[in-house]
Each structure stands twice: as C-alpha cells, then as structure tokens.
**Q** 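Questions regarding the structure given below will be posed in turn.
Numbering of ligands and ligand atoms starts at 1, following listing order. Just so it is clear, the values below take in all heavy atoms, side chains as well, and ignore hydrogens, waters and symmetry mates.
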Amino acid sequence: MTYCSFCGKEEADGDHAFCRQRLSAIDPPRYCRECARRMVVQVTPDGWTARCSRHGQTVSRP
Ligand SMILES: [Zn+2]
Ligand SMILES: [Zn+2]
C-alpha cells in the first residue's frame, strides 16, 4: 500500500489528481509514500530534500 505524498491519504482512497499536479509543479512532498509519516522538508537552491525518520531521504529530481 502506498500513500499520497501530498495529502498523506491512501493512494487508493479518493482522487489525487490535484495532489499530483501540485507535486509535479513546485511543492515538495509532505508525507512518506511508504508510511504516511510527515517528512522533514528542506528547500534548497536546487530544489528540496524530504526526510522520513524511517525511510530516509528523498531528493528532488534535477
Ligand atoms: Zn493526495
Ligand atoms: Zn516512511
């Protein structure tokens, strides 16, 4: 099971088209896809990094 990294709900639960739109635009993810924990997000000059205390760091694609 995966979770929406924008709103933190289950991917299967509801329509996340808006979430994906936001994520692909400018917003970093807020929730871990694997456990829905709130991630620690840092905006960097190149983009962002988001860290889950359990699953480690995700970095924005260049
Ligand atoms: Zn969502
Ligand atoms: Zn996680």
**Q** Measure from the Zn ion (ligand 2) to every N/O/S atom of His55 and report the name of the nearest one.
**A**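 Atom name of the closest N, O or S in His55: ND1.
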**Q** Look at the side chain of Ser60 and the backbone N and O of Trp48, then say whether any donor-acceptor pair between them is shorter than 3.5 Å.
**A** yes
**Q** Rounded to 10°, how many degrees is the angle SG/Cys7-the Zn ion (ligand 1)-SG/Cys4?
**A** 100°
**Q** Around atom CZ of Arg51, are there more than 12 heavy atoms of other residues, nucleotides or ligands at under 6.0 Å?
**A** no
**Q** To the nearest 10°, what's the angle at the Zn ion (ligand 2) between atoms SG (Cys32) and SG (Cys35)?
**A**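 That angle is 110°.
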**Q** In His16, which N, O or S atom comes closest to the Zn ion (ligand 1)?
**A** ND1
**Q** So do the side chains of Cys35 and Cys52 get within less than 4.5 Å of each other, counting heavy atoms only?
**A**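 When only atoms from C-beta onward are counted, Cys52 and Cys35 do touch, with a gap below 4.5 Å.
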**Q** Does the side chain of Tyr3 come within less than 4.5 Å of Glu11's, by heavy atoms?
**A**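 Side chain of Glu11 against side chain of Tyr3, heavy atoms only: no contact under 4.5 Å found.
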